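Everything on this sheet refers to the single structure shown next.
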Number of protein chains: 2
Amino acid sequence: MAKGHVRLADVAKAAGVSQGTASNVFSRPDVVREEVRERVLNVARELGYGGPDIKGRLLRAGRVNAIGVAAVEPLAYFFDDPWARSLMTAIGEVCDASGTGIAVVSAMNEERLAWNINSALVDGFILLCVEGGERLVELTRQRQLPFIALALGIEDETIPAIGIDNVSGGAVAARHLLELGHRDIAILSIGDVDGLVGLVAPERVDPEMEATPRDRMHGYWQAMAEYGIPREAVPIQGTLHDRPSTLTAMEALFSSDNPPTAILAMSDKVALFAMQWLAEQGLKVPEDVSIIGFDGVPEAATSLPRLTTVAQPFAEIARRAVTAILENALPEDHEALDLELVVRDSTAMPRLR
Amino acid sequence: MAKGHVRLADVAKAAGVSQGTASNVFSRPDVVREEVRERVLNVARELGYGGPDIKGRLLRAGRVNAIGVAAVEPLAYFFDDPWARSLMTAIGEVCDASGTGIAVVSAMNEERLAWNINSALVDGFILLCVEGGERLVELTRQRQLPFIALALGIEDETIPAIGIDNVSGGAVAARHLLELGHRDIAILSIGDVDGLVGLVAPERVDPEMEATPRDRMHGYWQAMAEYGIPREAVPIQGTLHDRPSTLTAMEALFSSDNPPTAILAMSDKVALFAMQWLAEQGLKVPEDVSIIGFDGVPEAATSLPRLTTVAQPFAEIARRAVTAILENALPEDHEALDLELVVRDSTAMPRLR
DNA sequence: TCCATATTTTGAATCGATTCAAAATACGGT
DNA sequence: ACCGTATTTTGAATCGATTCAAAATATGGA
């Protein structure tokens with residue numbers, strides 16, 4: 001069998017029509033006379049022509065009908081990380097509806113990432129800026145395609161972004177615990193800076209923490225202040241947003257003289273790890289310890305007990321991001337979307353001592 | 001600001017060099033004299049040229065450096081379903097290593113799917129044939145690109161595919177339970193055929209079931225036979241591979257006079273749902289009921305208790321699939337890869353009655 | 001200085017389609 | 001039979017780069 005090297009031009013010649021007509025047979029069949037259409041189609045079949053090559057069409061159209069989702073993470077991140085998956089699922093739903101494709105682009109190292117971003121065949125990018133966001137934005141800018149940043153960790157109004165109101169989200173979470181009567185509350189923070197592991201002093205938060213955890217922290221503190229609790233009274237344990245550092249943090253928290261009755265976790269992922277640790281220690285949630293997460297990933301709804309959390313409006317974020325890209329209508333300002341408290345089974349009144 | 005409509009040709013003209021030289025400046029900088037290179041680069045910067053447009057390059061090169069992963073499912077499936085995610089993670093790892101991109105292509109309805117497959121900018125496809133596999137293969141064939149089918153439900157040697165040895169995998173699972181001493185074993189089957197929900201008679205398995213569950217079933221039976229247990233003695237409850245039908249199946253199983261002491265689940269997903277149901281009923285795993293899954297998804301390693309399962313060699317499957325596509329070296333035969341029994345905490349000896 | 005060789009640069013062809021103004025053909029009415 | 005309008009078809013230009021043989025230029029040795 002010969003190589004599949006039949007071009008539209010070949011078909012046109014063999015069928016004795018012009019290339020223009022042959023093109024119409026495939027892309028605008030209604031415009032060509034039935035008899036001719038049939039003939040061309042037959043010739044195409046005989047020649048083994050598989051329809052117009054997408055690459056040629058694309059070059060002409062200049063549009064790919066796909067959006068790229070990029071992160072400074074390995075590709076597996078998109079299918080592994082609960083937050084990323086929640087977002088991808090939501091993005092998938094919007095794209096399904098509009099017939100848009102999704103390309104995931106990623107890389108651990110800079111060089112690869114630059115190349116991947118430059119060679120991705122997409123009409124625009126959604127950037128997951130959890131880590132190395134600044135660099136990611138810079139790289140994407142060069143590509144000169146519409147892009148929109150999610151979870152942007154820096155404050156730069158020139159970057160089109162969709163954000164969430166982490167401050168009031170944090171406040172809502174903390175207020176929930178406080179209303180239940182908790183006063184001994186500990187915080188599990190998240191970040192990728194080595195220095196912020198272990199016990200973190202409050203004065204280090206502003207200078208050292210990235211925007212997302214910092215804002216959540218301020219939300220927590222704000223609610224605490226409403227109840228007259230000074231920030232120094234609330235221990236902060238820094239995690240690297242992974243299992244080992246979370247377990248270490250939990251150990252530190254519960255080996256103290258005055259272990260907390262409730263935990264504010266800055267992500268569901270960390271909260272879920274913490275719950276596993278508690279279960280292993282024989283501590284019951286929520287009877288012994290209450291815990292509230294952040295993000296609202298689906299795992300939080302099926303854990304045992306089901307995790308109370310502050311949910312991001314993933315669907316709305318995805319909808320805005322995708323339409324912004326597809327219609328090239330990037331938001332001018334950084335509007336922050338609201339989060340929603342989802343009360344489930346991991347929080348309750350503290351046990352009487 | 002003018003639209004970013006600067007072409008390589010514009011830069012070339014403005015810099016006073018030929019288009020060929022301008023092209024070399026970007027794609028083979030070593031071949032052009034430094035002085036000239038600088039000049040061209042400067043002009044490019046002034047004009048706001050963002051480097052060679054990938055679409056033009058692609059048209060010439062004929063290669064996209066990306067593979068498509070397709071399924072007859074909504075896009076969200078890739079980020080939701082445990083099995084799909086395990087595979088995607090593994091595929092991601094292989095692609096990361098080779099600098100290949102991934103495009104996920106999917107659609108619920110035929111028409112959309114056909115269009116999506118035809119317009120995906122990829123060098124080849126990996127097909128997740130869990131559902132509607134036959135149609136998916138047919139559609140992909142027309143695209144005339146290399147493709148390889150995974151989890152193919154039909155026996156057709158002309159379709160390049162990578163399979164796993166479901167029969168011996170099933171036998172390994174069943175043998176594990178039998179060796180522990182279980183004799184009252186029930187099967188939770190999977191499928192997307194409405195008719196195979198609820199209690200399924202053994203004689204309906206061969207004519208009605210798809211290849212994957214059918215093979216697993218035969219594996220189960222084979223091991224049963226070794227222990228002198230006739231297939232009629234093993235109740236089969238059909239599920240639709242989702243939560244509701246699994247819960248229904250469990251209810252049916254445990255409302256009988258002689259509830260099973262162990263369960264063979266045809267997927268980890270179903271096994272995990274079943275475990276949730278058992279927990280809700282106050283039945284302890286593995287003390288009251290043992291359960292073994294199938295697939296080896298990561299969730300199975302972090303559930304409580306951790307799920308014993310028969311694991312697919314995801315990494316090996318991904319490696320073979322990706323290299324087959326990239327090197328256009330599609331396998332000639334349907335070699336079936338071996339599965340591995342992973343004993344964890346969800347299986348134990350049956351309680352003495 | 002001249003020639004042979006090495007290094008750069010050029011220009012046109014190519015990749016595979018789509019598009020659109022203009023030309024050709026068909027159709028209907030008188 | 002003829003004309004005006006409607007429908008089809010044509011052919012060349014275009015999308016934005018890469019490629020490569022040939023031409024131009026530089027370098028070095030005698």
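Letters A, B, ... are given to chains in the order of the sequence lines, protein chains preceding strands, and every chain is numbered from 1. Computed from heavy atoms alone, side chains included, the values below leave out hydrogens, waters and symmetry copies. This structure is a prediction, so every number in the text was calculated from the model and none was measured.
OP1 or OP2 of D:dT10 sits under 4.0 Å from a side-chain N or O of A:Ser18. Contact annotation: B:Arg33 side-chain N/O to C:dT9 OP1/OP2 distance is under 4.0 Å. The shortest distance between the side-chain N/O atoms of B:Tyr49 and the OP1/OP2 oxygens of D:dG16 is not below 4.0 Å. At the phosphate of C:dA17, neither OP1 nor OP2 sits under 4.0 Å from any side-chain N or O atom of A:Ser23.
Between A:Ser106 and A:Asn116, the shortest heavy-atom distance links the atoms O-ND2, 2.7 Å. Residues A:Val122 and A:Gly68 share a closest heavy-atom pair of CG1-N, 3.4 Å.
For A:Ile54 and C:dA17, the CD1 to C1' distance is 10 Å, given to the nearest whole Å. When rounded to the nearest whole Å, the span between CZ of B:Arg7 and C1' of D:dT14 equals 9 Å. The nearest whole Å value for the distance from the CG atom in A:Asp10 to the P atom in C:dT14 is 13 Å. Taking atom CG on B:Leu8 and atom C1' on D:dT18, their separation rounds to 9 Å, with Å as the unit. Look at CG on B:Leu59: it is 17 Å from P on D:dT14, rounded to the nearest Å. D:dA17 atom C1' lies 15 Å from atom CG of A:Asn118, rounded to whole Å. Straight-line distance from the CZ atom of A:Arg60 to the C1' atom of C:dT19: 5 Å, rounded to whole Å. Between the P atom of D:dG16 and the CD atom of B:Gln19 lies a distance of 11 Å, rounded to the nearest Å.
With hydrogens and angles ignored, no donor-acceptor pair under 3.5 angstrom links the side chain of B:Arg57 to the base of D:dT18.
For the 3.5 Å distance criterion, the side chains of A:Asn42 and A:Arg39 fail to qualify, holding no donor opposite an acceptor.
With hydrogens and angles disregarded, a donor-acceptor distance shorter than 3.5 Å links the side chain of B:Asp123 to the backbone of B:Val64. At distances below 3.5 Å, not a single donor-acceptor pair connects side-chain atoms of A:Arg320 with backbone N or O atoms of A:Pro331.
Comparing D:dA17, C:dT10, C:dG16 by their nearest atom to the side chain of B:Val17 picks out C:dT10. Closest to the B:Asp53 side chain, of the nucleotides C:dT9, C:dT18, D:dG16, is D:dG16. Candidate nucleotides C:dT19, D:dT18, D:dA17 were compared by shortest atom distance to the side chain of B:Ser27, and D:dT18 ranks first.
When heavy atoms are screened at a 4.0 angstrom cut-off, A:Gly20 is found touching base atoms of the nucleic acid.
For B:Gly56 and B:Arg28, each mapped to the nucleotide of DNA chain D holding its nearest heavy atom, the one lying further toward the 5' end belongs to B:Gly56. Along DNA chain C, the nucleotide nearest A:Ala61 and the nucleotide nearest B:Ala22 are compared for position; the residue whose nucleotide lies closer to the 5' end is B:Ala22.
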